[in-house]
Structure formats: structure tokens, C-alpha cells
Amino acid sequence: MKRLRTTAVHGGRDDLAGLGVHAPPIDLSTTYPVPDQVEGGLALQALAEGAPRAGSSVYARLHNPTVARFEEALAALERTEAAVAFGSGMAAVTAVVQAACVLAGKPHVVAVRPLYGGTDHLLSSGLLGVRTTYAAADRVAEAVTPDTGLVVLETPANPNLDLVDIAEVVGGAGAAPVLVDNTFATPVLQNPATAGAAYVLHSGTKFLGGHGDALGGVVACARDRAAALRRVRVVTGAVLHPLGGYLLHRGLATLPLRVEAAQRSATDLAARLSGHPAVGLVRHPSLPGADPRGLLGAQLRGPGAVLAFTTREDPAAVVRRLRLVTPAVSLGSVDTLVEHPAALTHRLVPGADRAACGVPDDLLRLSVGLEDVEDLWEDLDRALSGDCEGDYIKPSSTRARPLTGSR
Ligand SMILES: *Cc1c(COP(=O)(O)O)cnc(C)c1O
């Protein structure tokens, strides 16, 4: 097996030389000619039963070669046998619950908080017909029952960067498969499958795509689990569009370089924020006390590019004063993004539950991008210090300004 950066550049491209092309073709076909309808039927049958490919793709909800290349590349990076892509990270979470709980007749989930607000809400809503017990990482064994089809965790967790010992949770889960949401760490910094996770999930919308222009999700896992996920995908139609598959695949090539660069800046900013008089608590795996179990350097190869902090002042006022940092949900983009989880990404999680798992109402989440770190620091320092001159200019007022070029 090749090393990480090589795999990131070359993964999922084995068939390109044979096709005589350099960039992967984007196959936008919704249907594929099947002149022999008996053979076509056999291909349809195989794909509906979860085969990774067949003699014909038959129909775009069953298989797409552009998406399949991305899946192959991601599986190589996560060191799993297979990967299955979906139209969004939430569609991927849904498919895992459907495969591991609904299809398997085990309608109970154990989840370790905090989780991304959408995942937390999905699991507690009852929408998928599953019941969820939330448990601390070291109490998973007590929460698991014979009905438990899935154990869910995130590490580093969204939004407070809590670190969870994956092997410990896998041990506590017993026979129940463990899903690790690896969106924050990316395969560059962590490979949960090597610690025993059965499903490794990414919101590809974040670091994998990396440019804020492609929505998608992906699950890396063993061959048999991938087959069940494909069966679910064929039936529910939760497919990734081939253009999204192309963009996520292209994103993988620069993923190691982007994560390493953004992580350097995040580590620097976390240290500087810790010393800022207008800042309360700072959360980043690089900081003293953030890693009591010594996971950094072992399970997690680097602290990552997302951090969180509380402000002494109203966090909304601080965000309004930022000029360079983009005030927006999402993360893992080339530009630095800031958002207020209690108001936005984690709004649908009850306030008491947020507080109980270490997500204070005044916490801000910062996803550090690829800008010069000194420019980011100037912007953050100015906003934190209450200099109002830089009030964020809303996009609508930017558009309203005449394009005279006189500025
Ligand atoms: C954004 C996110 C998701 C959901 O992904 P979408 O692509 O927005 O559906 C899931 N998990 C984590 C950790 C996320 O940050």
C-alpha cells in the first residue's frame, strides 16, 4: 500500500490510462442502453442486491462510475475494503441507521454526545423508528442491549472538539457495530477502522470537497456492510450526484496538504486565543488539558483545523465585527468559517442536553482555512477587542453598491 499523499493523488484512478484520459470523466447518464434485456436484468438484480458494479450500470440510482472512483479513493485513504457515497452527510448517517438497525431488526442506538446537531436530532427524533440512549464513552457497555444495532460517536466532536477513545467504545459496544463520524479529523489524521470502528463516516461537504461547493457524504466499511448500504441507497435513492462525486474525488488529491496547513494555523490561533483577555475557554486538541487520555499522537495523528472558544462578550457581537472570517455554518473550506452552534448547527439539540455534554451557549466554532494566519489573527483580535469599524458588510449591501470601480 502506498503512503497517504500518494494515495490521495492516485486513488480511484486505475482505469484512467486505459480510457486514455487524464482527468476522471463525469458520467451524467441517468440511464444506460441495455440491448440485451436479459443481461440488463441480471445487472439490475446484482446492483439492487448491493454489488459494487455490474455488466451495466442500468440506471443512475443503481450505480455511477464517477461516484465509484471517489468511493474507491476514499476507501483506500480510510484503509477499508469499500466505501459508499450519498447525497449528503445526513443521507449517509440515515443509510447506516437503516442498514444497521432497521434492516437488521435492531431498533436501538447508543450515542455518545456531543454529536453534530443534525445527527443528534435525527437520532432523538424517532423519524427512522429507532430509539436512542445517550451515554458517556465509558458507560456504553451499560447502555447496550440485545436490541442495539449501532453505537455512534464523533471524535474530535462537533462542536466542542471532545476526544473519544474509539477502542474503548468499540470494547464497550461488544457485538454492536460502532460508527465513527470522522468528518473533523479526515483520513489524514485518523483512521477509525484500524481502531475497530465498523463504519467510518464523513460529511464530504466539509474537508473532503474542501472548497464549499459540493454537498455529499460517504461511509467507509467492510465489503458486506457496504453491500447493505448500497441496497439501502438503491431503494431510498439517497445517491450522490456525479458532479459532486467528481468534485469530492478531486478534493482528495489536496486533502493532506490542506489539512496540514490549516491545522498549523489552527494550532497557532488556539494558543493565541487562549491568551486573549476577551476570550474565556478555548477548545482544541493541541491545548494543555484537552487530551487526558493521550489520544493525540496515537489514535489521532494531529489536532486538526477546527477549534472552539467562548467570548466574555455576546458571541453574536463578536461575529458581527469580523471582516475576513466568513460568518457561516459548515467547515473544512479553504476560507475560515465561524458560527455560533447554540444558534445554528446545534439549535435543534435541547439546551439542557447541550449544556450537559459540554457545549456552552456562548461557544463559537471556528474552522480555520488557508489564509495567512497573521491576517486571521488581526481579524479575530480586532473583533474580540470591540473595534466596531470592521462591521461585517452583508452580501445584500455589497450587491447594492454600484459597480463603478471607484473604490
Ligand atoms: C456537517 C456534518 C454532518 C452532516 O453533513 P451534511 O453534508 O451537511 O449533510 C455530519 N457530521 C458532522 C460532524 C458534520 O460536521
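First listed ligand is number 1; within each ligand, the first listed atom is number 1.
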Any atom of ligand 1 sitting under 4.0 Å from a heavy atom of Gly216? yes
Residue [X] vicinity, atoms of ligand 1 by number, heavy atom under 4.0 Å:
X: Asn158; result: 13 (C), 14 (C), 15 (O)
X: Glu154; result: 13 (C)
X: Ser88; result: 7 (O), 9 (O)

For [atom], what is the nearest protein heavy atom, given as residue, atom name and distance?
atom: atom 15 (O) of ligand 1; answer: Lys206 NZ, 2.8 Å
atom: atom 8 (O) of ligand 1; answer: Ser203 OG, 4.1 Å
atom: atom 13 (C) of ligand 1; answer: Asp181 OD2, 3.3 Å

Examine the side chains of [X] and [Y] and answer whether a donor and an acceptor come within less than 3.5 Å of each other.
X: Thr183; Y: Glu154; result: no
X: Thr133; Y: His108; result: yes
X: Tyr32; Y: Asp27; result: yes
X: Asp381; Y: His276; result: yes
X: Thr345; Y: Glu339; result: yes

Is the shortest side-chain heavy-atom distance between Leu255 and Pro187 below 4.5 Å? yes
Is [X] close to ligand 1, meaning an N/O of one under 3.5 Å from an N/O of the other?
X: Gly89; answer: yes
X: Thr205; answer: yes
X: Met90; answer: yes
X: Tyr116; answer: no

Parallel, tilted or perpendicular, judged at 30° and 60°: which one describes the rings of His249 and Phe70?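 The arrangement is tilted - the two ring planes meet at 30° to 60°.
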Got a donor-acceptor contact below 3.5 angstrom from the His241 side chain to the Leu243 backbone?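 Flag set: sc His241 to bb Leu243 pair under 3.5 Å.
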